[in-house]
Amino acid sequence: MTKHQDEHVTRLPQVERLYLDFDSFFASAEQHFNADLRGRPLGVVPLDSPHTSCIAVSREAKAHGVRSGSSIREARAILPDMIFVIARHDAYVRLHKRILDAVGTILPVAKVRSIDEVVCHLTPCEAAQGKVLSDRIKAALRDAFSPALTCSIGMAPTELLAKVGAEMNKPDGFALIEARNLPGSLSHLDLRDLPGISKGIGARLAAAGVQDIDGLWRLAPKQARRLWGNVETLLHKTVSERSSPFPGRIYPTTSVTGMPRAV
């Protein structure tokens, strides 16, 4: 590697975020609470009614094509022996609080994005551990709870990218997204797989000839902002110097969704 190439690599945004997303959380929680439900197709419903719909389904149900939002009738048309339980939100909240404690034994939790999604900020030493760090978190959760309660983890330079990574290899998955591998590491995704691309935004991008991740990456900053509001580009193409606890780093001024990025 030449001196110029080495300087370029060191200036790329580094991996600083870990996003943890539990798999089918409500359904997995019920399987955790009741071992008899593990390995079986399960739907969590809001009330005891034959006309209601699933707010969560287990991975066993998903494997047969049942999705969250399916009605009981639709689910049973696919899986006649599917089991349904009524949601217990208080129990899920209590479990969530215990989960935060378990994750905290490995990494401090920086942000709670929802009952089943959390964000951790990484130091360079922590980021360098990669999948080893992910496996440590999963082992801590498995030891504190049960194998039924799994999560998928993404590590990346920004929270948005880490969230995309957490969703890439579900269930019980891991993905490391590094700036030097962009946009190639995302090229297999559909545009709608990116958080923030609604049906309306997708239509605007399509009208501008943007059909995939590579096309989004190629957009000039001004064109991207015109199509998508206050956004610099897809991820790290346009970056600027910002104050940082880690000297020598550069940071994007905004995320893909246009929200200012917290350091």
Side-chain angles (χ1 to χ4, degrees), residues 19-100 112-119 138 141-142 145-154 160 162-175 188-206 211-212 257:
Y19 204 100
L20 187 154
D21 185 357
F22 278 87
D23 304 315
S24 306
F25 181 62
F26 293 167
S28 296
E30 292 294 343
Q31 291 176 321
H32 163 64
F33 295 142
N34 184 351
D36 290 339
L37 297 177
R38 296 175 193 175
R40 304 178 68 179
L42 172 71
V44 179
V45 295
L47 50 94
D48 185 8
S49 168
H51 306 294
T52 192
S53 298
C54 298
I55 59 174
V57 297
S58 67
R59 70 190 66 186
E60 295 83 4
K62 288 180 178 179
H64 289 86
V66 181
R67 295 288 180 262
S68 295
S70 299
S71 67
I72 289 180
R73 179 177 299 177
E74 291 169 337
R76 282 200 167 133
I78 298 173
L79 291 171
D81 61 344
M82 186 161 170
I83 301 167
F84 299 92
V85 298
I86 299 175
R88 298 182 288 165
H89 294 288
D90 289 346
Y92 306 150
V93 170
R94 290 193 297 270
L95 178 60
H96 163 80
K97 292 177 179 178
R98 293 175 57 206
I99 285 170
L100 296 184
V112 176
R113 289 307 186 197
S114 69
I115 196 169
D116 62 345
E117 300 181 20
V118 302
V119 180
K138 292 183 179 186
L141 291 168
R142 187 168 54 250
F145 303 105
S146 70
L149 201 63
T150 64
C151 66
S152 296
I153 291 175
L160 178 82
K163 177 177 173 64
V164 171
E167 295 174 350
M168 281 172 59
N169 298 310
K170 279 183 164 288
D172 197 22
F174 170 77
H188 65 288
L189 299 178
D190 186 271
L191 279 176
R192 295 290 295 275
D193 291 330
L194 294 179
I197 298 191
S198 62
K199 184 176 180 180
I201 294 295
R204 289 166 64 182
L205 291 171
Q211 304 291 338
D212 53 26
T257 54

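Given the structure is predicted, the values throughout are model-derived calculations rather than measurements.
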Side chains of F25 and S114, heavy atoms from C-beta outward: is any pair under 4.5 Å? no

In terms of heavy-atom contacts, R192 and I197 come closest through NE-O, 3.4 Å

Write down the atom of L37, the atom of E30, and the distance for their closest heavy-atom approach. CD1-O, 3.8 Å

Heavy-atom closest pair (S28 atom, D23 atom, distance to 0.1 Å) is OG-O, 2.6 Å

Reported CZ-to-OG1 distance for the pair R142 and T150, which is rounded to 0.5 angstrom: 10.5 Å

Any side-chain heavy-atom pair of F174 and M168 under 4.5 Å: no

Please round to the nearest 0.5 Å and tell me the distance separating atom CD of E167 and atom CG of L189. 9.5 Å

Rounding to 0.5 Å, atoms CG (L194) and CG (L205) come to a distance of 10.0 Å

Closest contact, heavy atoms only, A56 versus A27: CB-N, 4.1 Å

Is any side-chain heavy atom of L149 less than 4.5 Å from a side-chain heavy atom of L95? yes

Worked check of side-chain contact (heavy atoms from CB on, under 4.5 Å) between L100 and V118: CA-CA 8 Å; L100 296 184; V118 302; 3.6 Å; yes

Interatomic distance, CD1@I83 vs CG@L42, rounded to 0.5 Å, equals 6.5 Å

Should R113 and K163 count as side-chain neighbours, where that means a heavy-atom distance under 4.5 Å? no

Would D21 and S152 satisfy side-chain hydrogen bond (donor to acceptor under 3.5 Å, both in side chains), going step by step from the backbone distance to the final call? CA-CA 5 Å; D21 185 357; S152 296; over 6 Å; no

Contact check, side chains of Q31 and E60, non-hydrogen atoms, under 4.5 Å: yes

Can you tell me which residue pairs pass the salt bridge (Lys or Arg N to Asp or Glu O under 4.0 Å) test with a partner in residues 61-87, sequence neighbours excluded? none

ring-ring contact (aromatic ring centres under 6.0 Å, His included): pairs with one or both residues in residues 28-72, sequence neighbours excluded: H32-F145

Residue set satisfying salt bridge (charged side-chain N to carboxylate O under 4.0 Å, His left out) with D212, at least two apart, ordered chain then number -> none

side-chain contact (heavy atoms from CB on, under 4.5 Å) for C151 and L141? Distances and angles first, verdict last. CA-CA 9 Å; C151 66; L141 291 168; 3.8 Å; yes

Locate the shortest heavy-atom distance separating P41 from L79; write the atom from each residue and the value. CB-CD1, 3.6 Å

Aromatic ring pairing Y92/F26, orientation class (parallel under 30°, perpendicular over 60°, tilted between): parallel

With side chains defined as the heavy atoms from C-beta onward, is the minimum distance between I72 and P50 less than 4.5 Å? no

Closest approach of I55 to H89 (non-hydrogen atoms, all atoms of both residues): CD1-CE1, 4.2 Å

Taking the side chain from K170 and the backbone from F22, do they hold a donor-acceptor pair closer than 3.5 Å? yes

Are any of the side-chain heavy atoms of H96 and D116 separated by less than 4.5 Å? no

The reported gap from CZ in F84 to OG in S53 (rounded to nearest 0.5 angstrom) is 10.0 Å

Can you find a pair of side-chain heavy atoms, one from S58 and one from S24, that are under 4.5 Å apart? no

